[in-house]
Amino acid sequence: MLKGKTALVTGSTSGIGLGIAIELAKQGANIVMNGFGDHEGPKKEVEALGVKVEYHGADMSKPAEIEAMMKFAAEKFGGVDILVNNAGIQYVAPIQDFPTERWDAIIAINLSSAFHTTRLAIPHMKQKNWGRIINIASVHGLVASKEKSAYVAAKHGIVGLTKVAALELATSGVTANAICPGWVLTPLVQKQIDDRAAKEGITVDQATKELLGEKEPSLQFTTPEQLGGLAVFFCSPAADNVRGQAWAHDGGWTAQ
Ligand code: NAD
């Protein structure tokens with residue numbers, strides 16, 4: 001379905017971003033990967049699906065590096081047709097103890113980066129009269145949890161940005177939507193489970209059960225593969241007129 005299209009997925013060396021890159025590649029899209037840590041392994045995994053893959057190591061907190069990455073994508077593939085803003089970090093502390101540099105980093109990586117990639121991707125998408133902007137928000141773009149001030153602010157912000165982009169592009173073939181996952185067992189969440197186990201003196205297994213039981217009625221993690229499937233749906237003709245939605249995939253978290 002996506003043969004001849006190019007998808008750029010930020011933060012795709014791990015977790016949800018990698019899962020989405022794989023599902024888009026299965027549909028034939030060429031992929032521009034981004035993110036920290038080992039990128040050779042994830043790149044090979046996506047290449048094995050028979051598509052062209054390039055990697056750019058832009059730090060998503062730095063607008064100049066984001067601009068270089070978008071130029072790189074245009075040079076390699078002619079432009080970005082599917083933009084998945086996924087890179088993100090977490091930090092947990094009460095507001096009065098929240099380190100200001102962590103606040104700035106979370107707002108830059110989880111929110112402002114999506115503004116920069118979006119503003120740079122829109123001209124090519126409009127010119128082709130086809131494009132997909134898919135923002136990986138969170139249930140925390142819809143509801144709050146304590147001790148996640150920067151994350152919740154950034155995720156509510158990206159839901160707002162998604163709606164504005166959808167409205168500005170509404171008469172074109174370019175759509176913008178957000179995906180709002182509940183718990184997904186990635187390194188970002190594993191750290192929260194490990195911290196909880198250490199703090200409460202319980203096993204990792206018990207901490208996992210507590211974490212799910214507190215918020216997610218299905219008591220199941222959403223998987224990167226399922227989120228990739230939802231991204232593929234947003235890219236399909238069936239979703240041509242799905243615009244500005246913040247689509248929860250959360251085991252019932254926000255239904256409560
Ligand atoms: P992860 O830690 O597995 O992956 C994060 C990715 O972002 C990695 O590739 C990392 O290298 C990259 N990254 C981090 N900082 C970066 C920077 N400055 N520049 C470029 N890349 C950077 O985490 P994940 O759980 O897969 O999270 C992906 C997205 O999904 C995040 O936006 C997160 O907020 C969101 N999300 C996660 C969950 C969950 O339960 N795991 C739930 C809802 C939303």
Side-chain angles (χ1 to χ4, degrees), residues 1-12 17 20-35 43 46-47 49 51-88 108-137 158-179 228 230-245:
M1 183 178 80
L2 299 176
K3 217 168 181 333
K5 306 270 196 245
T6 298
L8 183 149
V9 187
T10 69
S12 46
I20 291 175
I22 288 171
E23 295 308 312
L24 294 175
K26 281 186 191 166
Q27 297 296 324
N30 295 322
I31 308 287
V32 182
M33 299 183 74
N34 157 262
K43 185 168 178 268
V46 182
E47 270 167 349
L49 298 164
V51 296
K52 289 195 195 118
V53 183
E54 296 286 347
Y55 167 81
H56 194 282
D59 178 339
M60 297 305 287
S61 68
K62 306 211 163 97
E65 294 190 23
I66 295 171
E67 288 191 17
M69 179 181 69
M70 297 304 285
K71 270 202 191 111
F72 170 84
E75 277 161 22
K76 294 288 176 186
F77 292 121
V80 174
D81 306 299
I82 301 163
L83 171 65
V84 183
N85 289 307
N86 166 81
I109 296 165
N110 296 20
L111 176 58
S112 302
S113 70
F115 160 68
H116 293 295
T117 53
T118 301
R119 72 181 170 80
L120 295 165
I122 283 175
H124 168 83
M125 292 180 177
K126 273 177 104 168
Q127 192 230 322
K128 285 218 169 163
N129 199 32
W130 193 94
R132 294 292 188 257
I133 298 163
I134 303 173
N135 292 326
I136 307 309
I158 204 166
V159 168
L161 175 66
T162 306
K163 291 178 183 175
V164 174
L167 292 180
E168 291 183 6
L169 297 164
T171 55
S172 77
V174 184
T175 70
N177 290 287
I179 294 179
L230 185 52
V232 167
F233 166 69
F234 281 137
C235 294
S236 74
D240 275 353
N241 207 25
V242 178
R243 297 175 188 270
Q245 292 303 301

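None of the values given here were measured: they were computed from a predicted structure.
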If a pair satisfies salt bridge (charged side-chain N to carboxylate O under 4.0 Å, His left out) and one of its residues is in residues 22-32, list it, with sequence neighbours excluded.
Glu23-Lys26
For residues 69-81, which residue pairs qualify under salt bridge (charged side-chain N to carboxylate O under 4.0 Å, His left out), counting only residues two or more places apart or in two chains?
Asp81-Lys128
Could I get the full list of side-chain hydrogen bond (donor to acceptor under 3.5 Å, both in side chains) partners for Gln127, not counting sequence neighbours?
none
Quick one: closest heavy-atom pair of Gly11 and Asn34, and the distance?
N-OD1, 3.0 Å
Looking at residues at least two apart in the chain, or sitting in another chain, which of them share a side-chain contact (heavy atoms from CB on, under 4.5 Å) with Pro237?
Met1, Asp240
OG1 on Thr6 to CD on Glu54, rounded to 0.5 Å:
10.0 Å
If the condition is side-chain contact (heavy atoms from CB on, under 4.5 Å), which residues does Glu168 pass it with, not counting sequence neighbours?
Val164
Would Trp130 and Ile82 satisfy side chain to side chain contact (heavy atoms under 4.5 Å, CB included), going step by step from the backbone distance to the final call?
CA-CA 9 Å; Trp130 193 94; Ile82 301 163; 3.8 Å; yes
Qualifying residue for side-chain hydrogen bond (donor to acceptor under 3.5 Å, both in side chains) with Asn85, from Thr162, Thr10, Thr117
Thr117
Is Ile179 close to Asn135 at the side-chain level, that is, under 4.5 Å between some pair of heavy atoms?
no
Donor-acceptor pair, distance only, cut-off 3.5 Å: does the side chain of Ser61 make one with the backbone of Ala108?
no
Which pair of heavy atoms, one from Cys235 and one from Ile134, lies closest together, and at what distance?
SG-CD1, 4.0 Å
So do the side chains of Val9 and Leu24 get within less than 4.5 Å of each other, counting heavy atoms only?
yes
For His116 against Pro63, the heavy-atom pair lying closest together
NE2-CG, 3.7 Å
CG of Asn110 to CG of Asn86: how many Å apart, nearest 0.5 Å?
9.5 Å
Would you indicate whether the side-chain heavy atoms of Ile136 and Ile20 approach each other to under 4.5 Å?
yes
Residues in ring pair (Phe, Tyr, Trp, His ring centres under 6.0 Å) with Phe72, at least two apart?
His56
Where do Ala121 and Met70 come nearest, in terms of heavy atoms and distance?
CB-CE, 3.8 Å
Between Ser172 and Asn129, is any side-chain donor less than 3.5 angstrom from a side-chain acceptor?
no
I'd like to know whether Phe77 forms a side chain to side chain contact (heavy atoms under 4.5 Å, CB included) with Val32, so could you lay out the CA-CA distance, the side-chain angles of the two residues, the decisive distance to 0.1 Å, and finally the verdict.
CA-CA 9 Å; Phe77 292 121; Val32 182; 3.7 Å; yes
Would you indicate whether the side-chain heavy atoms of Lys52 and Ile31 approach each other to under 4.5 Å?
no
Residue pair Phe234 / Val242, side-chain heavy-atom distance below 4.5 Å
yes
If I take atom CE from residue Met69 and atom OG from residue Ser113, how far apart are they, to the nearest 0.5 angstrom?
8.0 Å
Any heavy-atom pair between the side chains of Arg132 and Val84 that's under 4.5 Å?
no
Nearest 0.5 Å, please: how far is CD in Gln27 from CD1 in Ile22?
13.5 Å
If you take all heavy atoms of Ala239 and Thr175, which pair is closest and at what distance?
O-CG2, 4.2 Å
Should Met33 and Val53 count as side-chain neighbours, where that means a heavy-atom distance under 4.5 Å?
yes
Is a salt bridge present between Glu67 and Arg119, judged by a nitrogen-to-oxygen distance below 4.0 Å?
yes
Tell me, do Leu169 and Ile133 make a side-chain contact under 4.5 Å, heavy atoms counted?
yes
